[in-house]
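Written out below as structure tokens is the structure these notes cover.
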Amino acid sequence: MSNAQKAIVMAAGIFLAVALITLAVILFISAQDSTKAAQSNFSNLQTELSQMQFTVYDNTVLSGSQVVNALRKFSGEDQFGIQIITGKNPAGQWYGKVLNLGVPLDSITYGSVVGPAPGRLDDTVNEADVNYVNPSGKFRSQLVKDSSNVIRGIVFRQQ
């Protein structure tokens, strides 16, 4: 083989190697974009699923027994508060954590945790207590979200 033929074969080999490397880089970049999109979708789905447990309490009417069950279910949650407003206690009682609801809705501190709540679950089933929750009573529920749109609590107001 002459030197010219060897040079042409070598140039073709280099061209094929560059073409294969370019193809690999293009596939890697497109796979990386797809991975980022899938990761973003998964994150959104995870957020939606984590808040799904609260959708039943989004502006609905519940019985008093459902309110007490919700209190039992969520009272141990970290950074979460439940306020129950009854006919005997129009100021309401906080359970779990006390939330800041005394500021406008668009305030950055709305829905933030102020501190531990004084309410006890035993008071909701004691008929002599002002915080007694009538099991057959009707309560309107409302979710409390902070400035980051994270659900921080539920307010139950007796109707």
Under 6.0 Å from the CD atom of Q159, do we count more than 12 heavy atoms belonging to anything else shown?
->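 More than 12 within 6.0 Å, yes.
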Taking atom CD1 of I108 as the centre, does the number of heavy atoms from other residues, nucleotides or ligands within less than 6.0 Å exceed 12?
->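 At most 12 heavy atoms, drawn from other residues, nucleotides or ligands, come within 6.0 Å of this atom.
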Without swapping roles, check the side chain of [X] against the backbone of [Y] for a donor-acceptor pair under 3.5 Å.
X	Y	value
Q93	I84	no
S148	V150	no
S40	A37	no
S43	Q39	no
S34	S30	yes
S141	T60	yes

Quick one, [X] and [Y] - any side-chain contact, counting heavy atoms below 4.5 Å?
X	Y	result
T124	Y95	yes
N89	Y132	no
F139	I85	no

So, for [X] and [Y], which heavy atoms are closest and what is the spacing to 0.1 Å?
X	Y	result
K73	Q53	CE-OE1, 4.4 Å
S75	R72	OG-O, 3.7 Å
V113	Q79	CG2-OE1, 3.3 Å
P118	V98	CD-CG2, 4.2 Å

How far does CG of N100 sit from OG of S107, to the nearest 0.5 angstrom?
->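 That separation rounds to 7.0 Å.
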Audit row: L99, W94, side-chain contact (heavy atoms from CB on, under 4.5 Å) steps and yes/no | CA-CA 8 Å; L99 303 179; W94 283 100; 3.7 Å; yes
Salt bridge check: are D33 and K36 linked by an N-O gap of less than 4.0 Å?
->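 A salt bridge is absent here (no side-chain N lies under 4.0 Å from a carboxylate O).
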Can you get from Y57 to L121 by hopping between Ile, Leu, Val, Met, Phe, Trp and Tyr side chains that sit under 4.5 Å apart?
->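 Yes, one cluster joins them.
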Check: F74 ring centroid to F54 ring centroid under 6.0 Å |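 Distance test on ring centres: under 6.0 Å, yes.
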